[in-house]
A.B. asks: 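Starting off with a structure, shown below.
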Amino acid sequence: MFSFLEKTAKDITPVIKKILSKYSGDKTKETVYYQMESGGKRLRPALAIASCLVCGGKKKDVIYPAAGLEILHNNTLIIDDIIDHSLLRRNKPTVWANFGKSIAECLSLAYSVSFIQAVLKSKEFLKISEIFVKTMKTIVEGEILDILFEQYGRKDEPYIIKNRYSKITERDYFKMAGKKTAILFQSCCEVGGICAKAKENQVTALKNYGFNLGIAFQIKDDILDIFGGKGVGKKIGGDIKERKLGNIVILLAFRELPLKEKKIILNKLRKDNLTDKDIKTVIQLIKKTNSYSKACQLMERYIKKAKTNLKMLPKNEWQGVLKEIADFVVAREK
């Protein structure tokens, strides 16, 4: 699987650069490449390519849509970092931190049209363009929910203050995670199947595999944010610092904590000046519970659901790659 991911990154990066550079001036190229050169395993285009190959398709038929999906993903990261005021991503300054907010917003516009350029290179561009549009709009809905789950801040944004959630259920969380994260995994797999001209039941199986994989991926992100892992590129407790209540580990901890300690966490998330000591207090309270093991069990449940859908696909080496990717999502440490 790792050799496949490395090969995908090697194959997809020149295609991405070709798309991004078209109609971009020499001065712009330095900035437009920056986000794509910040690292990452190119997991999403790898899913699109493996989903195409497992159904008997050819890489050449999916390479441009796969590149478009990676550009779309990175576009959401540029915006996400602005929204969350994140200074680092993968231990490098984020686009807005490096070039400024105005330039980052301009680059986001360039990325938005670039992934459409990629779609137009596909033989199935009508079907795939609809998937891209749906995916982007769904991610926006998920991002808005994630913002409204925050318990403090953005005092200059009346809409958020008025519509902010004071209580978040696990059902709310999964709605947000499905829209913000899982939809893109689903779309990568669906696009791969369509490019391979797969049967309808196979495309459905790929979509279900991708969606469940995406939920598991988000749960793992939440676990790493609270408990850490080897080589994590962001400070532990980032969600707490950003006052996010939309983290499954926190919600699972709330099931066990007495009312008094739940109120302590909520008060910390809603206070004016949150200190490192406050973040440490919240993490210590969470660690008193079984939230870590329960989150891991939940993640494993979604991985199992994802793998079950692979049984509907042809039995070949690419089905094995998709299984290994599912295992990687659980095992990753960053």
A.B. asks: Show your working on salt bridge (charged side-chain N to carboxylate O under 4.0 Å, His left out) between D327 and K307 and close with a plain yes or no.
C.D. replies: CA-CA 10 Å; D327 292 334; K307 287 182 177 178; 2.5 Å; yes
A.B. asks: Any heavy-atom pair between the side chains of Y33 and L20 that's under 4.5 Å?
C.D. replies: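 A side-chain contact under 4.5 Å exists here.
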A.B. asks: Quick check: is L269 connected to V282 through a chain of hydrophobic side chains (ILVMFWY, heavy atoms under 4.5 Å apart)?
C.D. replies: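 Looking at the clustering, L269 is in the same group as V282.
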A.B. asks: If you compare all heavy atoms of L88 against all heavy atoms of T94, which two are closest, and at what distance to 0.1 Å?
C.D. replies: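 Nearest pair, atom of L88 first, then T94: C-CG2, 3.5 Å.
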A.B. asks: Main chain of A9, side chain of T13: is a donor-acceptor contact present, judged purely on distance under 3.5 Å?
C.D. replies: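 Flag set: sc T13 to bb A9 pair under 3.5 Å.
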A.B. asks: Looking at C55 and L313, what are the two nearest heavy atoms and their distance?
C.D. replies: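 The answer is SG-CD2, 4.3 Å.
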A.B. asks: Test I226 against I236 for side chain to side chain contact (heavy atoms under 4.5 Å, CB included), laying out the working first.
C.D. replies: CA-CA 6 Å; I226 301 297; I236 305 303; 5.9 Å; no
A.B. asks: Using the side chain to side chain donor-acceptor pair (under 3.5 Å) definition, which of the options K271, R270, R243 pairs with Q151?
C.D. replies: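 Of K271, R270, R243, side chain to side chain donor-acceptor pair (under 3.5 Å) with Q151 is met by R270 alone.
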A.B. asks: Give a yes or no on this: more than 12 heavy atoms of other residues, nucleotides or ligands lie within 6.0 Å of atom CD of Q284.
C.D. replies: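 Buried by this count: over 12 neighbours within 6.0 Å.
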A.B. asks: Does K175 NZ have over 12 foreign heavy atoms under 6.0 Å away?
C.D. replies: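 Counting other residues, nucleotides and ligands, NZ of K175 stays at 12 neighbours or fewer.
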A.B. asks: Does either side chain, that of D146 or that of Y173, offer a donor lying less than 3.5 Å from an acceptor on the other one?
C.D. replies: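 Checked: D146/Y173 side chains show no N/O donor-acceptor pair below 3.5 Å.
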A.B. asks: How would you list, by chain and number, every residue that makes a ring-ring contact (aromatic ring centres under 6.0 Å, His included) with F99, sequence neighbours excluded?
C.D. replies: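 Residues passing ring-ring contact (aromatic ring centres under 6.0 Å, His included) with F99: Y34.
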A.B. asks: Got a list of side-chain donor-acceptor pairs under 3.5 Å for residues 116-127, not counting sequence neighbours?
C.D. replies:
from	atom 1	to	atom 2	distance (Å)
S122	OG	E124	N	3.0
E124	OE2	K197	NZ	2.6

A.B. asks: Return each pair, listed once, that meets side chain to side chain donor-acceptor pair (under 3.5 Å) where at least one residue sits in residues 157-166; pairs must be two or more places apart or across chains.
C.D. replies: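 Output for this query is empty, none listed.
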A.B. asks: Do you know the tightest heavy-atom contact between I82 and A104?
C.D. replies: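 In terms of heavy atoms, the two residues are closest at CD1-CB, 3.7 Å.
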A.B. asks: Report yes if some heavy atom in the side chain of L87 is under 4.5 Å from a heavy atom in the side chain of P93; otherwise report no.
C.D. replies: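 Not touching, per the 4.5 Å side-chain cut-off.
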A.B. asks: Looking only at non-hydrogen atoms, find the nearest pair between V54 and P314 and report the distance.
C.D. replies: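 Distance-wise, the nearest heavy atoms are O-CG, 3.3 Å.
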A.B. asks: Which heavy atom of L5 sits nearest a heavy atom of A46, and at what distance?
C.D. replies: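 Taking L5 first and A46 second, the nearest heavy atoms are CD2-CB, 3.5 Å.
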A.B. asks: Strictly below 4.0 Å, N to O, side chains only: are D276 and K241 in salt-bridge contact?
C.D. replies: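 Salt bridge: no.
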A.B. asks: Hey, is K180 close enough to D80 for a salt bridge, meaning N to O under 4.0 Å?
C.D. replies: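 Between D80 and K180 there is a salt bridge, with a charged N closer than 4.0 Å to a carboxylate O.
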A.B. asks: Might you work through the side chain to side chain contact (heavy atoms under 4.5 Å, CB included) test for I248 and S291, ending with a clear yes or no?
C.D. replies: CA-CA 9 Å; I248 193 62; S291 57; over 6 Å; no
A.B. asks: Test of understanding: with side-chain hydrogen bond (donor to acceptor under 3.5 Å, both in side chains), list the residues that count as partners of E37, not counting sequence neighbours.
C.D. replies: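 In terms of side-chain hydrogen bond (donor to acceptor under 3.5 Å, both in side chains), with neighbours along the sequence ignored, E37 is linked to K17.
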A.B. asks: Any donor-acceptor pair under 3.5 Å linking the side chain of D221 with the backbone of Q218?
C.D. replies: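 The answer is no, because no donor-acceptor pair under 3.5 Å joins these two groups.
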A.B. asks: Is any side-chain heavy atom of L252 less than 4.5 Å from a side-chain heavy atom of R255?
C.D. replies: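 With C-beta onward as the side chain, the pair touches.
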A.B. asks: Is there a side-chain contact between R154 and I147 (heavy atoms, below 4.5 Å)?
C.D. replies: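 A side-chain contact under 4.5 Å exists here.
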A.B. asks: Please step through side chain to side chain contact (heavy atoms under 4.5 Å, CB included) for the pair S21 and V32, ending with a clear verdict.
C.D. replies: CA-CA 8 Å; S21 64; V32 84; 5.9 Å; no
A.B. asks: Could you tell me if the side chain of L245 sits less than 4.5 Å from the side chain of I265, heavy atoms only?
C.D. replies: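 Heavy-atom side-chain distance check fails, nothing below 4.5 Å.
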A.B. asks: Cluster question for you: counting only ILVMFWY and a side-chain heavy-atom cut-off of under 4.5 Å, with indirect links fine, are F132 and I19 together?
C.D. replies: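 Yes; tracing contacts between hydrophobic side chains, which count when under 4.5 Å, links both residues.
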A.B. asks: Just jot down the side-chain hydrogen bond (donor to acceptor under 3.5 Å, both in side chains) partners of K260, sequence neighbours excluded, or say none.
C.D. replies: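 Result, side-chain hydrogen bond (donor to acceptor under 3.5 Å, both in side chains) vs K260: none returned.
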A.B. asks: Examine distances only and state if a side-chain atom of N247 and a backbone atom of V249 form a donor-acceptor pair shorter than 3.5 Å.
C.D. replies: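 Checked: pair present.
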A.B. asks: Give the cluster check for M312 versus I303: same hydrophobic cluster or not, with ILVMFWY residues linked at side-chain heavy-atom distances below 4.5 Å.
C.D. replies: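 No, no single cluster joins them.
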A.B. asks: Hey, can you pull the donor-acceptor pairs under 3.5 Å for the side chains in residues 183-190, sequence neighbours left out?
C.D. replies:
from	atom 1	to	atom 2	distance (Å)
S187	OG	T135	OG1	2.6
S187	OG	I183	O	2.9

A.B. asks: Hey, does the Lys NZ or Arg CZ of R332 hover above the aromatic six-ring of F217, less than 6.0 Å from the centre and inside 45° of the axis?
C.D. replies: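 Verdict for F217: a cation-pi partner in R332.
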A.B. asks: Does the pair Y209 and L47 meet the rule for a side chain to side chain contact (heavy atoms under 4.5 Å, CB included), with working shown?
C.D. replies: CA-CA 10 Å; Y209 162 81; L47 282 170; 3.9 Å; yes
A.B. asks: How would you list all residue pairs meeting ring pair (Phe, Tyr, Trp, His ring centres under 6.0 Å) that involve residues 286-334, not counting sequence neighbours?
C.D. replies: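 Every pair satisfying ring pair (Phe, Tyr, Trp, His ring centres under 6.0 Å) with a residue in residues 286-334: F2-F328, F4-W318, F174-Y302, F227-Y292.
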A.B. asks: Only counting residues at least two apart or in another chain, list the ones meeting side-chain hydrogen bond (donor to acceptor under 3.5 Å, both in side chains) with D81.
C.D. replies: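 Once residues adjacent in sequence are excluded, the partners of D81 under the side-chain hydrogen bond (donor to acceptor under 3.5 Å, both in side chains) criterion are R89.
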A.B. asks: For D225 and K244, what are the C-alpha separation, side-chain angles and deciding distance, and is it a salt bridge (charged side-chain N to carboxylate O under 4.0 Å, His left out)?
C.D. replies: CA-CA 11 Å; D225 187 88; K244 292 181 183 289; over 6 Å; no
A.B. asks: State, to 0.1 Å, how close S114 and I71 come at their nearest heavy-atom pair, and which atoms those are.
C.D. replies: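 Reported closest heavy-atom pair: CB-CG2, 4.1 Å.
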A.B. asks: Is it the case that the side chain of W96 and the backbone of S86 share a donor-acceptor pair, with hydrogens and angles ignored and the cut-off at 3.5 Å?
C.D. replies: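 Yes, because the side chain of W96 sits within donor-acceptor range (under 3.5 Å) of the backbone of S86.
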A.B. asks: Please collect all salt bridge (Lys or Arg N to Asp or Glu O under 4.0 Å) contacts where either partner lies in residues 292-303, sequence neighbours excluded, each pair once.
C.D. replies: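 Passing the test, one end in residues 292-303: E256-K294.
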A.B. asks: Which pairs, with at least one residue in residues 97-108 and sequence neighbours excluded, count as a side chain to side chain donor-acceptor pair (under 3.5 Å)?
C.D. replies: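 Residue pairs passing side chain to side chain donor-acceptor pair (under 3.5 Å), neighbours aside: N75-S108.
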A.B. asks: Go through the structure and list residues passing side-chain hydrogen bond (donor to acceptor under 3.5 Å, both in side chains) with K220, not counting sequence neighbours.
C.D. replies: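 With sequence neighbours excluded, K220 shows a side-chain hydrogen bond (donor to acceptor under 3.5 Å, both in side chains) to no residue whatsoever.
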A.B. asks: With distance as the sole criterion, is a donor-acceptor pair present between the side chains of D172 and T169 under 3.5 Å?
C.D. replies: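 Yes, T169 and D172 have a side-chain donor paired with an acceptor closer than 3.5 Å.
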A.B. asks: Does the side chain of L298 come within less than 4.5 Å of E170's, by heavy atoms?
C.D. replies: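 No, every pair of side-chain atoms sits at 4.5 Å or beyond.
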A.B. asks: Let me check something: do L77 and L107 share a hydrophobic cluster, defined by ILVMFWY side-chain heavy atoms less than 4.5 Å apart, either directly or through other members?
C.D. replies: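 L77 does not cluster with L107.
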A.B. asks: Is there a donor-acceptor contact under 3.5 Å linking the side chains of N290 and S293?
C.D. replies: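 There is no such pair (donor and acceptor under 3.5 Å, judged by atom type) between the side chains of N290 and S293.
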A.B. asks: With the threshold set at 4.0 Å, does a side-chain nitrogen-carboxylate oxygen contact exist between E143 and K179?
C.D. replies: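 Answer for the salt bridge query: no.
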A.B. asks: Is it true that a side-chain atom of N316 and a backbone atom of Q319 form a donor plus acceptor pair closer than 3.5 Å?
C.D. replies: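 At least one qualifying donor-acceptor pair exists.
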A.B. asks: Between the side chains of K137 and E141, is the shortest nitrogen-to-carboxylate-oxygen separation below 4.0 Å, so that they form an ion pair?
C.D. replies: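 No, E141 and K137 are not salt-bridged.
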A.B. asks: Donor-acceptor pair, S38 side chain versus Q35 backbone, under 3.5 Å?
C.D. replies: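 Checking the backbone N and O of Q35 against the side chain of S38, a donor-acceptor pair under 3.5 Å is found.
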A.B. asks: Filter on side chain to side chain donor-acceptor pair (under 3.5 Å), then keep only pairs touching residues 43-70, sequence neighbours left out; what's left?
C.D. replies: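 Every side chain to side chain donor-acceptor pair (under 3.5 Å) pair that includes a residue of residues 43-70, provided the two are not neighbours, is D11-K59, K18-Y64, R42-E70, R44-H73, E70-N74.
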A.B. asks: Taking the side chain from D278 and the backbone from L274, do they hold a donor-acceptor pair closer than 3.5 Å?
C.D. replies: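 No: the side chain of D278 does not pair with the backbone of L274.
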A.B. asks: Consider only side-chain heavy atoms of I, L, V, M, F, W and Y, link residues closer than 4.5 Å, and tell whether I131 and V140 are in one cluster.
C.D. replies: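 Same hydrophobic cluster.
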